[in-house]
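Below you'll find the structure, written out as structure tokens, and then a few comments.
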There are 2 protein chains.
Amino acid sequence: MDDIDKKILKRLQENARVTISVLSSEISLSMPAISERLKKLEASGVIKQYTAILNPELVDKQLMALVYLSFDNPSHGDSFKNFVVGESDIKECFYITGDFDYSLKIITQNTTTLENLLTRIKEQTGVIKTQTIVVLSSIIDRPSVTIE
Amino acid sequence: MDDIDKKILKRLQENARVTISVLSSEISLSMPAISERLKKLEASGVIKQYTAILNPELVDKQLMALVYLSFDNPSHGDSFKNFVVGESDIKECFYITGDFDYSLKIITQNTTTLENLLTRIKEQTGVIKTQTIVVLSSIIDRPSVTIE
DNA sequence: TCTGAAACCACTTAACT
DNA sequence: AGTTAAGTGGTTTCAGA
């Protein structure tokens with residue numbers, strides 16, 4: 001991956017719908033050259049996905065919460081993974097160091113939907129401790145990996 | 001926003017580079033109709049951004065950490081905001097309920113770059129307490145808001 | 001707000017450096 | 001790995017419903 005690839009990636013991060021012709025004129029490389037590089041970046045897995053970031057307030061998901069939880073023993077990892085994959089309001093699930101085993105980021109409609117989701121989480125086999133933090137406001141929220 | 005708009009949004013979330021002609025045939029609506037709806041969704045702010053999600057391992061950012069911190073009093077919010085905006089390895093910054101004031105999600109190269117960033121964080125005026133959790137593995141990591 | 005046709009522009013292919 | 005040029009296909013505009 002050279003500087004031209006990085007320019008392409010940076011521009012796609014800013015706007016994933018930028019056209020090849022715009023990239024071509026900005027980077028001063030022909031369209032077929034840009035197109036080939038892009039195909040390679042996609043095929044090699046450097047670009048995992050192109051996605052649209054939506055405004056939470058306009059799609060009725062106004063409550064963000066962070067949930068930490070511990071298991072009585074490590075053997076429940078697989079069934080817990082299946083559970084979180086199926087819960088679309090769980091946006092992040094990390095296996096972490098420290099007092100808890102997992103951290104979850106939840107984006108949901110309101111306190112009622114959060115309560116229902118927390119109930120389902122606590123029903124998972126092996127869960128022995130949870131802690132819930134409500135997010136009051138989001139100062140920044142950027143895509144995970146960025147090219148500078 | 002009706003069901004057709006939701007289909008468009010859902011498809012753009014899965015793949016932000018999907019063409020209008022593909023949307024047109026999938027949704028059974030003419031290309032000009034799709035194009036107009038898309039322009040309205042962009043102009044009204046429902047779609048905040050189109051972005052490319054990159055593979056962290058392939059762009060040399062292999063360490064994720066969660067940092068929690070407290071201030072001695074609430075007056076340092078503005079300068080802290082300026083600081084986090086300028087730190088590109090800080091991907092999320094939330095003002096939260098609970099023992100700490102802010103939570104940060106950091107994605108960086110290695111323990112050395114994490115250490116340097118933590119030093120800069122602790123140098124911010126008013127910071128009195130921090131706690132750092134290292135992420136061992138990511139079970140799921142989805143874009144924040146999704147249409148189902 | 002939608003459709004269909006035409007004009008315009010972007011993308012891909014192919015031949016070649 | 002790159003270019004140019006031709007051909008293909010996607011997007012926008014516009015007239016009309």
Side-chain angles (χ1 to χ4, degrees), chain A residues 1-62 109 142-148, chain B residues 1-62 109 142-148:
Chain A
M1 195 178 12
D2 60 10
D3 275 1
I4 295 172
D5 283 341
K6 282 183 185 169
K7 281 184 191 169
I8 294 171
L9 291 173
K10 196 182 170 196
R11 200 64 183 77
L12 285 166
Q13 277 197 162
E14 291 165 7
N15 177 14
R17 284 183 74 80
V18 68
T19 61
I20 288 170
S21 77
V22 167
L23 287 170
S24 170
S25 57
E26 284 177 358
I27 297 171
S28 305
L29 206 64
S30 68
M31 291 205 298
I34 298 279
S35 192
E36 264 186 43
R37 280 170 174 269
L38 191 46
K39 281 205 175 71
K40 279 177 190 167
L41 289 168
E42 289 165 353
S44 67
V46 174
I47 298 172
K48 281 171 70 179
Q49 196 190 348
Y50 300 108
T51 194
I53 298 174
L54 309 181
N55 188 333
E57 288 166 29
L58 295 172
V59 290
D60 198 27
K61 296 278 179 163
Q62 310 224 29
Q109 252 181 302
R142 309 194 243 248
S144 283
V145 178
T146 52
I147 298 280
E148 286 118 47
Chain B
M1 192 175 16
D2 60 10
D3 275 359
I4 295 172
D5 283 341
K6 283 184 186 169
K7 281 183 191 170
I8 294 172
L9 292 172
K10 196 183 170 197
R11 201 63 182 77
L12 285 165
Q13 279 197 162
E14 291 167 7
N15 177 15
R17 284 183 74 82
V18 68
T19 61
I20 288 169
S21 76
V22 167
L23 286 171
S24 171
S25 58
E26 284 178 357
I27 297 171
S28 304
L29 204 65
S30 69
M31 292 202 299
I34 298 280
S35 192
E36 266 186 40
R37 280 169 174 270
L38 191 47
K39 280 205 175 69
K40 281 178 190 167
L41 289 168
E42 288 166 356
S44 67
V46 175
I47 298 171
K48 281 172 70 179
Q49 196 190 349
Y50 299 108
T51 195
I53 299 174
L54 308 182
N55 188 334
E57 288 166 30
L58 295 172
V59 292
D60 199 26
K61 297 277 178 164
Q62 310 226 29
Q109 252 181 302
R142 308 179 164 123
S144 283
V145 178
T146 50
I147 298 278
E148 286 120 45

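The figures that follow rest on heavy atoms only: side chains count, while hydrogens, waters and symmetry mates do not. First the proteins, then the strands, lettered A, B, ... as listed; each starts at 1. Quick caveat: nothing in here was measured; it's all calculated off a predicted structure.
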| task | Would you kindly give the CD-to-P distance between B:E26 and D:dG10, to the nearest whole Å? | result | 13 Å
| message | Tell me the interatomic distance from B:L38, atom CG, to D:dT13, atom C1', rounded to whole angstroms. | response | 16 Å
| request: Identify the two heavy atoms, one from B:S24 and one from B:S30, that lie closest to each other, and give their separation to 0.1 Å. | output: OG-C, 3.7 Å
| Distance, rounded to the nearest Å, where B:D2 contributes CG and C:dC2 contributes C1' | 13 Å
| query | Atom CG of B:L29 and atom C1' of D:dG10: how far apart are they, to the nearest Å? | reply | 16 Å
| request: Could you note down all residue pairs passing salt bridge (charged side-chain N to carboxylate O under 4.0 Å, His left out) where residues 23-33 of chain A supplies at least one of them, sequence neighbours left out? | output: A:R11-A:E26
| said: Quick check: closest heavy atoms across A:M31 and A:I20, and the distance to 0.1 Å? | reply: O-CG2, 3.7 Å
| task | Specify the separation, in whole Å, of atom CD of B:E42 and atom C1' of D:dT12. | result | 14 Å
| remark: So CG of B:L23 and CD1 of B:I34: to nearest 0.5 Å the spacing works out to 5.5 Å
| task | Could you list by number each residue of residues 43-55 of chain B showing a heavy-atom separation from DNA chain C of less than 4.0 Å, or answer none if no residue does? | result | none
| When the distance from CG of B:L23 to P of D:dT11 is rounded to whole Å, what number comes out? | 9 Å
| message | Can you measure A:K40 atom NZ to D:dA1 atom P for me and round it to whole angstrom units? | response | 4 Å
| In whole Å, what is the span from the CD1 atom of B:I34 to the C1' atom of D:dT13? | 17 Å
| said: Can you tell me how far apart CG (A:L54) and CG (B:L41) are? Round to the nearest 0.5 Å. | reply: 9.0 Å
| request: Could you tell me which non-hydrogen atom of A:Q49 sits nearest to which non-hydrogen atom of B:E14, and how far apart they are? | output: NE2-O, 3.2 Å
| Bend angle of the helix from C:dT1-D:dA17 to C:dT17-D:dA1, end axes from five pairs each (to 10°) | 30°
| message | Quick one, A:L58 with B:V145, criterion side chain to side chain contact (heavy atoms under 4.5 Å, CB included). Give me CA distance, side-chain angles, the key distance, then yes/no. | response | CA-CA 10 Å; A:L58 295 172; B:V145 178; over 6 Å; no
| message | Restricting to salt bridge (charged side-chain N to carboxylate O under 4.0 Å, His left out), what partner residues turn up for B:K61, sequence neighbours left out? | response | A:E148, B:D89
| said: According to side chain to side chain donor-acceptor pair (under 3.5 Å), who are the partners of A:T19, at least two apart in sequence or on a separate chain? | reply: A:S21
| request: Scan nucleotides 10-17 of chain C nucleotide by nucleotide, 5' to 3', and note B when protein non-hydrogen atoms come under 4.0 Å of the base, S if they reach only the sugar-phosphate, - if neither. | output: SBBB----
| remark: Looking only at heavy atoms, the pair that brings A:D5 and A:R37 closest together is OD1-NH1, 2.9 Å
| task | Check whether any side-chain heavy atom of B:V18 lies under 4.5 Å from a side-chain heavy atom of B:L12, and answer yes or no. | result | yes
